[in-house]
Amino acid sequence: MTAADPKVTLDLALAHGLTAEEYDRIIRRLGREPTFTELGLFSSLWSEHCAYKHSRVFLRGLPTRAPQVLQGPGENAGIVDLGGDLALTFKIESHNHPSFIEPMQGAATGVGGILRDIFTMGARPIAVLDSLRFGDPADPRTRRLIEGVVSGIGWYGNCFGVPNLGGEIGFAPEYTGNPLVNAMAVGLVAKNGIFRARADGVGNPVFYVGAKTGRDGIHGATMASATFDETAEERRPTVQVGDPFTEKLLLEACLEAMATGAIVGIQDMGAAGLACACSEMPARSGMGMEIEASRVPQRETGMTPYEIMLSESQERMLLVAARGREEDVRRTFAKWELDAVPIGTVTDDGLLRVRFHGAVVAEVPVKALTDEAPVYEKPTARPGWQDGLEAFDPLSLPAPPDVSAALLALLESPGIASKEWVYRQYDQQVGTNSLVLPGSDAGVLRIKGTRIGVAVTTDCNARFVYLDPRAGAAMAVAEAARNLSVSGARPLGLTDCLNFGSPERPEILWQFKEAVAGLTEACRALEIPVVGGNVSFYNETLGQAILPTPVIGMAGILDDVEARCTQWFATPGDRIALLGPDAVSLGGSELLWVLHRTVAGRLAPLDLEVERTVQEACRAAIGARLLASAHDCAEGGLAVALAEACISGPRRLGAAVELGSIGARPDLALFGEGPSRVVASVRAEGERHFEQLMGEFRVPWRWIGRVGGDRLTIRAGGAGRAGGADLVELHLDRVAIAWGGGFERYVS
Amino acid sequence: MRARVLVRLKPSILDAQGVTVKRALAGLGFSEVQDVRVGKVVDVELDGLGPDEARRRVDEMCARLLCNPVIETFTVELLTDTR
Amino acid sequence: MRARVLVRLKPSILDAQGVTVKRALAGLGFSEVQDVRVGKVVDVELDGLGPDEARRRVDEMCARLLCNPVIETFTVELLTDTR
Amino acid sequence: MNFGVVIFPGTWSDCDFHYVIGEVLHQPVRYVWHRDANLADFDCLILPGGFSYGDYLRAGAVAGRSPVVEALPEFTARGGLVLGSCNGFQILCEARLLPGALMRNECLQYRCQSTYLLVENPETSFTRAMRPGQVLKMPISHGEGKYHADAETLRRLWAKNQIVFRYCTEDGRVAKEANPNGSLDNIAGIINEEGTVLGLMPHPERAAEAAVGGTDGTLILHSILGTLVEDGSFLKR
Ligand SMILES: Nc1ncnc2c1ncn2[C@@H]1O[C@H](COP(=O)(O)OP(=O)(O)O)[C@@H](O)[C@H]1O
Ligand SMILES: [Mg+2]
């Protein structure tokens with residue numbers, strides 16, 4: 001105990017976000033009252049953010065195993081095998097609450113945190129992606145949030161030196177008071193150079209490396225687990241700021257130190273800082289750890305051990321070195337002008353013992369802080385609103401009188417319009433491996449010295465998840481996989497970022513449970529393991545929960561990176577094929593939102609077997625170099641996918657499309673949304689082979705038109721036949737203006 | 001009337017820029033430097049306001065735009081124009 | 001001893017940031033703002049120097065690092081420490 | 001023919017240059033640490049892109065005062081060539097090895113995009129493989145690339161043919177819409193009076209292979225090679 005420590009009482013525990021039962025449990029476990037520092041340790045490690053209290057039971061069923069998985073969930077990041085001696089590590093994480101409070105720094109430190117997760121594994125980061133959700137961009141407050149978040153993501157990644165390979169940015173009123181900022185990072189690691197966050201070897205020294213500790217973000221971990229309310233303003237000072245320059249030095253120093261063989265284990269200090277690193281590392285190895293908190297390099301004066309343990313200052317790592325190799329560690333970090341200070345040792349007593357100038361201020365079994373954290377299975381209840389949503393029939397609304405105008409309206413809706421304003425602020429090329437930059441369905445990187453490539457994407461249509469959490473989450477997995485497949489890549493694994501409201505509300509927890517079930521079904525059917533993820537609960541403001549948003553980050557491999565594909569048409573005269581089922585729905589569609597500001601209705605069915613064959617067929621066709629382009633049909637349906645294929649590439653190319661008989665509702669045929677659909681253009685010399693291949697895979701598909709000209713025309717009712725009508729006829733200049741400016745006009 | 005607004009990071013907030021500048025100065029031989037903090041100076045030229053009103057308005061500008069209260073503080077100095 | 005260094009863009013140079021801030025202030029209703037210039041304030045804490053020596057040293061820091069004379073000018077103010 | 005690629009704390013295009021010189025052009029290349037002032041082994045030094053010292057204070061300011069940079073005048077006096085790209089250009093200006101300064105982009109945002117460059121001076125050691133008026137495609141990636149110089153300096157730059165690259169449209173027009181950062185006179189790259197130091201904001205190392213951004217960037221490296229190998233005047237060592 002230090003002199004100034006407040007007395008630990010139940011009230012103080014409650015103020016730390018613990019419940020009375022949890023406090024009781026701590027006392028029983030310790031056989032005494034905790035010290036103030038210990039209370040800090042428990043409250044941080046038992047927070048939702050660190051302990052996954054409300055989600056853990058539901059996540060147990062996720063498929064995490066597959067032959068290619070070298071590391072599943074539980075480490076800083078998952079790892080999949082790339083063949084040869086290389087592996088890929090990736091992880092996604094949320095930084096929603098900090099980004100709302102301070103958009104630029106909150107988003108920046110989100111990127112910083114996920115990058116550290118990657119390089120602690122021994123990997124060099126090769127890409128980041130960002131999945132963002134905001135309220136209406138026409139609202140000036142939202143606009144400032146967007147500008148701040150994008151500049152923060154750009155600043156951190158650009159300065160650090162990692163290319164941004166994609167992401168998403170979506171809008172819905174539900175995110176107005178609670179935007180989502182999810183950052184994913186991807187790294188390349190040698191299979192024999194993988195490091196883990198374990199404290200092995202009794203007597204091994206524990207080093208603190210990186211930036212100095214200040215009072216940043218103390219209790220950030222508990223803040224991230226509390227709903228926003230009016231007092232959010234007062235909690236502001238807890239936000240931490242980033243220093244990407246120091247992170248870059250930390251990266252180089254860590255990789256260099258790892259290469260010397262002096263490092264036994266390493267973990268970054270993110271949420272709950274030293275408290276988390278000093279308990280999780282020994283917990284993983286069944287060891288203990290003793291540290292002297294006063295040795296921690298400090299930026300501010302008069303810090304207490306409580307503050308030192310809980311600080312969330314950025315750009316810091318805890319590492320366990322091999323005894324006798326201390327000098328190697330010190331020398332390497334000194335070269336990069338970083339602190340590397342031995343602050344303790346690995347013990348075998350299973351305890352985390354924190355001393356402060358010699359006196360013991362905390363002594364807690366590490367398992368009590370980690371594995372024994374409370375796990376809840378709170379009640380779930382199907383929300384009353386689901387019935388009403390499902391009962392709504394979008395076709396009860398009149399069809400838009402002018403289909404061309406409707407298409408333009410969709411293209412300029414900020415959700416669909418070009419996101420170039422975002423990614424031109426991000427370095428996309430550093431490393432000179434970026435073969436497909438943001439702007440196609442997935443980003444593609446080459447791996448120098450090999451023939452392979454890696455494709456990455458993030459996806460989630462939250463409207464779908466809201467309408468049907470199970471199917472919607474499965475569709476998010478399917479869409480992410482489809483985005484990889486249309487780029488020529490075979491999915492290897494995924495990482496999920498499950499953004500939901502408060503799990504203490506049975507309706508929200510039901511959404512969560514259903515979504516995880518859908519995720520599980522899709523992963524099983526498509527044989528894609530979950531190798532890591534993150535749960536972000538309490539995304540609510542004043543009782544308004546966000547749309548349930550399980551963002552899927554996925555990585556895949558191209559065995560031959562020369563056989564890759566992009567979403568835009570490439571050669572006049574190529575025939576256009578539509579792969580996948582005809583079943584689509586206007587339920588939850590972009591059209592329903594743009595024209596009627598409605599989110600309701602039933603989703604088109606997802607047949608995971610069909611999904612799988614469509615993707616396999618697509619990859620086979622790309623592998624055989626038959627396709628000049630392939631584009632996933634997502635928001636806005638077939639018509640939007642066609643328009644994007646015409647104008648999103650380096651060269652604008654029109655298309656003449658003939659849909660045959662489409663029934664009474666052209667809006668359904670053109671703008672209806674459904675899974676498993678791909679628009680592909682086939683090279684002239686490959687048509688026969690393509691037809692044969694589609695037959696072999698038994699994929700539903702048909703020819704729908706040809707690439708060429710300077711306009712997009714879509715006809716229905718049979719070519720040349722009487723009654724055949726031009727549904728859409730638009731010059732590409734108009735299409736490009738709508739799509740190019742639809743989002744940018746809201747931001748500066 | 002001119003107002004000089006100094007916007008600085010709160011003392012408790014990491015000033016990575018200041019740390020780097022301090023180290024660079026030390027490298028150039030300025031070892032007497034104990035600490036460096038880098039902030040912004042915003043010079044605002046105002047029209048037709050008396051000093052009290054001007055200060056009130058500039059304070060408002062700081063609160064609404066010039067200063068980010070999450071991480072920064074500001075001070076305002078009024079300079080009567082001597083041009 | 002503390003020195004306050006103000007580094008500003010030369011008057012002849014367009015200050016894009018200042019222009020943007022001015023526009024934003026006007027958008028918020030601060031129409032009395034005639035001009036805005038954004039510069040840097042560098043607070044330097046010095047040890048064990050008398051005022052003359054301190055000024056000489058800080059001037060030197062500006063010349064060698066803190067200010068780029070191609071685009072910037074600087075002023076130094078010494079504040080005796082009152083801590 | 002030995003290339004050196006300089007690493008400052010915060011540099012990130014070092015590996016990319018190293019790769020292009022070593023693996024694409026098959027030339028001997030080594031890294032040079034920023035504290036190293038011994039440049040005796042090198043014929044050409046590259047100051048690559050990145051955020052040296054976080055670009056804190058001003059981009060390139062701190063790196064501009066480092067030992068390796070202070071050794072550059074002697075290095076070029078011996079016949080060495082120095083190429084600074086992106087942050088390297090900023091460092092060279094900060095070190096006054098090139099005139100002028102690089103300021104924040106006029107749009108106040110970072111820009112990563114492809115640009116076109118008009119070759120204004122194909123007679124330098126860095127551009128001799130190019131045609132007069134040739135248009136090169138090369139990406140930029142920076143937040144502070146707006147070139148500025150006072151009127152007198154600018155006049156001299158023009159008079160002495162020191163303006164080497166200007167941003168232009170795909171068909172070679174020097175126009176405002178082709179200027180990504182607000183640079184004075186669309187200036188993208190300049191050379192010192194002696195012709196030994198070239199700085200440019202675009203990234204030649206990102207335009208060195210057909211698969212990633214085209215091959216126009218290699219023209220700079222080929223020019224350097226040509227100068228150093230064929231034209232013995234630069235092989236004084
Ligand atoms: N926040 C962002 N950061 C980087 N790239 C983005 C971002 N938002 C969108 N993009 C890119 O813009 C393109 C279009 O995005 P989107 O419409 O979401 O595509 P898709 O449905 O194929 O995932 C994609 O290449 C995507 O990676
Ligand atoms: Mg897509």
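In what follows, chains are A, B, ... by sequence order, proteins preceding strands, each numbered from 1.
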For chain A and chain D, what donor-acceptor pairs lie under 3.5 Å, backbone included?
residue: A:N158; atom: O; partner: D:W12; partner atom: NE1; Å: 2.6
residue: A:C159; atom: O; partner: D:W12; partner atom: NE1; Å: 3.3
residue: A:D243; atom: OD1; partner: D:Y56; partner atom: OH; Å: 2.5
residue: A:K248; atom: NZ; partner: D:T11; partner atom: O; Å: 3.4
residue: A:E337; atom: OE2; partner: D:R35; partner atom: NH2; Å: 2.8
residue: A:R424; atom: O; partner: D:C112; partner atom: N; Å: 2.7
residue: A:D427; atom: OD1; partner: D:R206; partner atom: NH1; Å: 3.0
residue: A:D427; atom: OD2; partner: D:S141; partner atom: OG; Å: 2.9
residue: A:D427; atom: OD2; partner: D:R206; partner atom: NH1; Å: 3.4
residue: A:D427; atom: OD2; partner: D:R206; partner atom: NH2; Å: 2.9
residue: A:G431; atom: N; partner: D:D16; partner atom: OD1; Å: 3.4
residue: A:G431; atom: N; partner: D:D16; partner atom: OD2; Å: 2.8
residue: A:R446; atom: NH1; partner: D:E209; partner atom: OE1; Å: 3.4
residue: A:R446; atom: NH1; partner: D:E209; partner atom: OE2; Å: 2.9
residue: A:R446; atom: NH2; partner: D:E209; partner atom: OE1; Å: 2.7
residue: A:S748; atom: O; partner: D:Q109; partner atom: NE2; Å: 2.9

- Item | Smallest separation among heavy atoms of D:G54 and A:C159, with atom names | CA-SG, 4.1 Å
- Task: Count the heavy-atom pairs under 4.5 Å between each of A:L249, A:L435, A:V561, A:V430 and chain D, then report the option with the highest count.
- Result: A:V430
- Query: Does A:D559 have any salt bridge (charged side-chain N to carboxylate O under 4.0 Å, His left out) partners at least two apart in sequence or in another chain, and if so, which?
  - Reply: A:R490
